[in-house]
Amino acid sequence: MGWRFPKHFIHDPQVIEMDDLNEDFRPFVEEASGALNEHNWKRDAFDGRAQLADDVAVVLHNEVVEANSNANPTVTANIMFVTSDIDWEDIEGLETTFTTTGGTYWVLASIQGHAPIYKTYVFGSLPANGRFGLQFALSLNAAVLAQSIVGSGDLMNDKIGSLDGAVPKGAAFYCWQTTGISSQAFSVVSEAIITVPPGTHTVKALVTPPQTHESNPAANNPGARTKFLATRELIVVELLR
Amino acid sequence: MDERGKQKIGTFAMRIASGRLFLPDDIASKINNFYPTEEGTLRSVEGPLPYLPSGAGGAPTSGITADITTGQYGVMHGIFHALLDVNGERDVLLVQTGSQIWEFAGWDRGWSLLIGSTSVPGGPGAYEDSFENTIIPQFPTQFESTSTGIVIVPQNGRAYFYDGTYVAPLGYSEIPGAPTGLGPRNRFRGTNYNGTVDNFSTQPGEMSSMGVNDAGYSHDSLAGRPSGMIASFGHGRLGMTRNPLTWVGADYQTIGGGGNVNSNKIDGTRANGSVGGWLESGEWRATTQWIDCWGNLSPMSGRSNEVTVSYQPATFWKYWDVSGSDGASFVALADDVRKQIAWTSIDPGPERTIGRILYRTKDTLHSGTTDLFRLTSEATGSAIAFATLPDNICTTYPDNIPDAWLLRKAIDIVPVPQFKLCRVAFGRLWIGNTAEAPGLIRPSLPGRWGTFPANQEIFPDPSGDEITGLWRASVGLLAFTSTSTYLILPSESGEGFSSVTLSAEVGCTAPGSLATLKDGTVIWMGYDGFYAFSGKEDYSRGIELISMDIDLFTRRVTHSRRKQATAAVDFATNEYRCWTSLDGSKKNNICFIFDGNGWRSRSDLQASAVCVTRDHRNYMLAAGLHAENGGVWLVDHEQGRYQNATITGRQAVLETAWLSPAISQEKRTAYTLFLWLRETSDATINIDVMRDWRNTVVETTTAKRYSGDDVPSFWGETVLGAGTTWQKKRPYWTRAAIYIPSAEVFKFRLRGTGSWEFVGIQLEEASRYAGGARIPP
């Protein structure tokens with residue numbers, strides 16, 4: 001509200017009457033009933049976060065999936081193998097739906113991934129050749145948010161570049177490039193700050209392998225179950241201030 | 001005398017005043033320091049009170065030099081209130097005092113310096129700048145509220161924008177430097193086509209490495225070339241390629257793949273003088289534009305150097321698994337010869353800049369246009385991104401955006417000039433009275449309050465006279481010079497705006513005097529008084545002079561200081577209140593009040609600037625002087641801790657006209673003045689009596705401010721719990737005994753300090769023919 005002041009200065013020997021007195025009281029009753037703002041509190045009046053309501057500045061929505069990546073992923077609960085070869089794939093468990101009056105949102109997906117380089121990762125009998133890594137993104141109401149893509153967004157032009165060795169073929173292999181994150185284990189955050197209209201919205205985290213340069217299924221080897229996701233979390237922060 | 005000879009005239013419930021000599025009896029000649037109540041009476045003005053009381057609750061400190069940290073406000077130039085942010089959660093009150101802009105900080109019981117230099121108390125401000133502090137007549141500091149923040153227009157400096165969190169100059173006055181383009185160069189320089197120059201073969205059919213497009217920033221997909229990046233790069237996208245009618249190779253060789261690797265070899269026996277396609281010469285240029293945190297765009301930089309590519313056949317060096325290149329060239333896909341180029345030296349902008357937008361031509365040799373188009377931020381083609389480079393740091397942009405993706409044409413933006421006036425209308429910020437062109441007005445882009453496109457400027461006055469006012473009306477935007485008025489409307493074609501002349505004779509002399517009553521009527525001060533524009537029906541007849549009744553006063557307005565007038569409409573009373581200088585004062589020492597029907601005045605403070613808070617309080621706040629104390633004042637509010645002689649001694653005065661002047665040749669005797677008042681306190685008011693057209697007081701009497709027949713309870717006397725009950729103030733009649741024998745006309749001046757409330761008067765008189773002895777009552 002800002003500051004309020006009584007309108008009338010009531011003093012001797014004015015007539016005792018109700019209107020001026022009520023008019024002097026009314027502003028304070030009005031403000032105290034819900035219109036106080038920053039000007040009504042002394043600096044540092046609130047000296048601790050505990051004095052504030054949880055949703056005073058932000059409202060959080062989050063989904064967490066925990067998975068142990070130090071065990072055989074094929075039998076470990078909540079491990080998600082990336083199976084899609086050519087398109088974005090929903091990350092299991094990382095989906096949330098919220099209803100809003102509209103505003104600015106900070107959306108984050110924090111993911112522990114495993115896309116081991118050729119023969120650098122061996123667990124049991126896994127072929128372990130998820131060498132080209134993974135890309136991540138977020139979607140709002142099924143639309144991929146371009147600014148959240150981890151890795152290249154130029155899917156037409158930026159692709160896996162690789163060569164088999166010369167003699168004998170396949171004995172050596174090297175990769176010119178990959179547009180995703182490629183490592184035995186990595187952590188990655190995909191994020192975006194978005195303005196959403198009023199209504200109900202669904203946010204998802206997505207994953208895809210980098211696109212191959214040529215039509216060579218072996219490059220990604222989608223059926224090999226070599227690239228997988230372990231512990232992961234989707235966080236939607238409604239920014240109120 | 002015989003009571004039958006007496007007659008009562010009235011009741012006169014005077015609510016407005018006029019300076020004219022001959023008036024109806026129910027119009028006063030002066031009503032000063034009264035305001036109308038919701039119940040229809042006139043009540044004496046209260047207050048003002050200091051919005052930020054000193055520690056003792058008293059007045060701010062007087063003094064010319066501004067030191068607001070000690071409560072010394074100095075010379076005030078402007079005041080404005082707005083609610084910003086979501087749901088209006090930022091409550092912003094700004095003042096300009098001296099050379100600084102301050103923001104009210106209720107949490108500190110003080111002010112925080114928003115714009116000011118290190119040399120001022122409390123400095124530096126959130127933004128360092130300083131404005132000339134002058135008492136030379138000038139417009140008050142202009143403010144305008146937008147959907148995202150406040151535009152601040154000091155009269156001696158450039159404009160600023162404040163969103164409640166961050167303050168910075170409005171838009172850009174600066175122009176970015178041009179970027180530098182990088183593209184391929186040609187190592188081949190010879191003109192001798194004997195095949196030996198610079199070791200590059202130029203034999204037909206063997207235009208292989210050739211020295212074309214193979215140096216400098218040269219990137220394509222041709223294997224075996226110095227243009228690099230080959231397989232990992234992917235395709236370049238710039239440049240126009242053509243394919244021959246005869247495709248040489250039906251079996252394109254893939255690297256590392258199978259097939260006949262020689263099938264596409266250009267060896268003079270297979271090529272038939274043809275190749276797989278070629279790149280045409282091309283040429284591109286680019287510009288840079290800044291974008292700030294509010295979406296304002298800077299003017300475009302100059303155009304970069306040209307980036308060119310030369311004609312080049314699409315061939316690549318064959319290289320084999322072990323031995324590498326064998327020196328022969330092979331047919332390549334035409335797409336492989338397209339290029340990527342780059343732009344460097346992309347100028348970072350001032351601090352408020354959050355991104356740079358790059359614009360590029362299409363291939364000027366083939367596209368047929370030299371227009372600039374916006375480059376997307378990346379290959380996803382997300383044209384909705386706010387900038388090509390969403391930062392203010394990097395200086396290089398690898399450009400692999402083909403001409404076909406360039407859709408959005410650049411808009412030519414002009415630098416933000418220094419201007420004196422602004423107003424939001426049609427979703428744009430209109431600025432006027434610029435330093436270079438005082439007669440110009442110019443709209444911003446919609447919603448981008450500091451971005452002004454070129455070629456939309458209007459000179460409403462054909463002679464280019466100085467713009468002295470911009471105001472939003474129900475029918476459009478009003479633009480004023482001091483002697484003419486124009487209405488700005490969207491043009492009938494739907495593109496741009498046009499100007500309609502409302503009056504070539506009536507203008508506005510003070511932009512601060514512009515205000516709108518609740519019924520939509522716009523009021524302002526012109527050369528010879530106050531004017532109103534209702535905007536209804538025929539525009540040309542919409543302007544009317546509304547201050548004829550107070551010409552006697554308006555002609556005393558200090559002409560040289562008219563431009564410093566300031567006005568606002570009070571929410572509670574719907575009064576238009578305009579403070580201006582009277583009788584040569586340097587200060588705005590009088591307030592003219594118009595309520596839609598007539599005029600009053602008040603002299604309770606000297607406001608340099610005034611505003612009404614844009615919240616549910618609807619406070620009228622004034623920046624200026626009260627009792628020679630500078631400060632921010634809350635009008636129509638009074639408190640016990642700020643009581644000084646200026647308040648306690650201030651009189652509310654109601655002076656009647658010369659009553660019944662039309663029959664002044666018939667002399668009359670006045671006996672009794674009946675006052676219809678409303679009880680207020682245990683005090684009296686004074687009644688001065690004048691006669692026969694002379695403003696000489698011939699008699700002064702008093703009347704009680706309560707009814708003697710029904711004495712109310714008073715503060716300070718009534719005992720708590722003694723049976724007194726709360727009651728509404730009642731109106732009552734009281735009488736003042738006067739005796740004015742044989743007068744042509746009468747006039748009465750009712751005056752009193754403190755609180756009193758006026759309803760009306762009635763006069764008992766007798767004509768000279770009534771007979772009988774005239775004995776005072």
Side-chain angles (χ1 to χ4, degrees), chain A residues 1-22 27 30-31 35 37-45 101-104 144-147 149 152-167 169 175-178 213-214 239-241, chain B residues 46-47 49 51-52 81 85-86 89-91 93 104-109 230-235 237 254-256 321-322 378-380 382 385 390 400 613 615-617 619 634 636-640 643 679-683 705-706 712-718 724 726-729 754-755:
Chain A
M1 70 161 186
W3 287 12
R4 295 299 296 263
F5 298 84
K7 182 173 174 60
H8 307 286
F9 172 40
I10 298 172
H11 57 90
D12 301 345
Q14 290 182 346
V15 170
I16 296 175
E17 54 95 21
M18 64 179 76
D19 289 341
D20 286 359
L21 198 66
N22 283 335
E30 286 176 354
E31 306 311 320
N37 71 11
E38 68 230 19
H39 294 288
N40 303 115
W41 306 101
K42 188 179 178 182
R43 179 188 290 276
D44 299 328
T101 56
T104 304
V144 176
L145 301 172
Q147 66 269 41
I149 296 174
S152 172
D154 191 352
L155 302 182
M156 188 197 85
N157 208 31
D158 292 344
K159 301 185 178 183
I160 296 168
S162 61
L163 278 177
D164 281 349
V167 180
K169 268 192 155 191
C175 179
W176 293 104
Q177 67 171 9
T178 179
H213 200 283
E214 298 154 11
L239 303 174
L240 299 176
R241 292 184 179 275
Chain B
E46 297 165 282
L49 61 79
Y51 192 71
L52 180 64
H81 179 270
D85 217 338
V86 179
E89 289 168 348
R90 279 291 287 118
D91 179 342
L93 175 63
F104 183 68
W107 49 87
D108 283 336
R109 286 182 58 86
I230 314 173
S232 63
F233 170 66
H235 290 295
R237 294 192 178 106
T254 57
I255 295 174
D321 291 348
V322 179
E378 17 76 0
T380 55
S382 51
N400 198 20
T613 63
D615 56 13
H616 59 282
R617 298 175 300 166
Y619 278 173
L634 175 54
D636 293 331
H637 288 67
E638 190 169 322
Q639 64 177 200
Q643 291 287 311
E679 61 186 13
T680 47
S681 66
D682 186 6
R705 301 188 191 183
Y706 62 93
S713 303
F714 297 106
W715 292 102
E717 296 177 3
T718 304
T724 299
W726 296 98
Q727 292 181 321
K728 286 178 72 72
K729 289 180 292 186
S755 178

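Reminder, nothing fancy here: chain letters follow the sequence lines and each chain counts from 1.
Residues B/E638 and A/H8 bring no donor and acceptor atom of their side chains to less than 3.5 Å of each other.
When all heavy atoms of A/D19 and B/K728 are compared, the closest pair comes out as OD2-NZ, 2.7 Å.
Environment of CH2 in A/W41: sparse, with no more than 12 heavy atoms of neighbouring residues, nucleotides or ligands closer than 6.0 Å.
Across A/P6, A/G103, A/P13, the residue that shares the most heavy-atom pairs under 4.5 angstrom with chain B is A/P13. In terms of heavy-atom pairs under 4.5 Å with chain B, the best-connected choice from A/D12, A/V15, A/I10 is A/V15.
In this structure the side chain of B/S755 reaches within 4.5 angstrom of the side chain of A/Q14, judged on heavy atoms. Between A/E17 and B/Q727 the shortest side-chain heavy-atom distance does not fall below 4.5 Å. Using a 4.5 Å heavy-atom threshold, the side chains of B/D636 and A/K7 count as touching.
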Would you sort out whether A/H11 and B/W715 count as a side chain to side chain contact (heavy atoms under 4.5 Å, CB included), showing the intermediate values? CA-CA 7 Å; A/H11 57 90; B/W715 292 102; over 6 Å; no

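No part of B/R705 comes within reach of chain A, as not one of its non-hydrogen atoms sits under 4.5 angstrom from that chain. With a 4.5 Å cut-off on non-hydrogen atoms, B/E46 touches chain A through its side chain but not through its backbone. Of the atoms belonging to B/L49, it is side-chain heavy atoms, and not backbone ones, that fall under 4.5 Å from chain A. With a 4.5 Å cut-off on non-hydrogen atoms, A/D20 touches chain B through its side chain but not through its backbone.
In this structure, A/H39 has its ring center under 6.0 Å from that of B/W107. Annotation: B/F104 is in aromatic contact with A/W3 [ring centroid separation under 6.0 Å].
Distance check, rounded to the nearest 0.5 Å: CZ of B/R617 to CD of A/E31 gives 7.5 Å.
In this structure a side-chain-to-backbone donor-acceptor pair under 3.5 Å is present from B/Y619 to A/F5.
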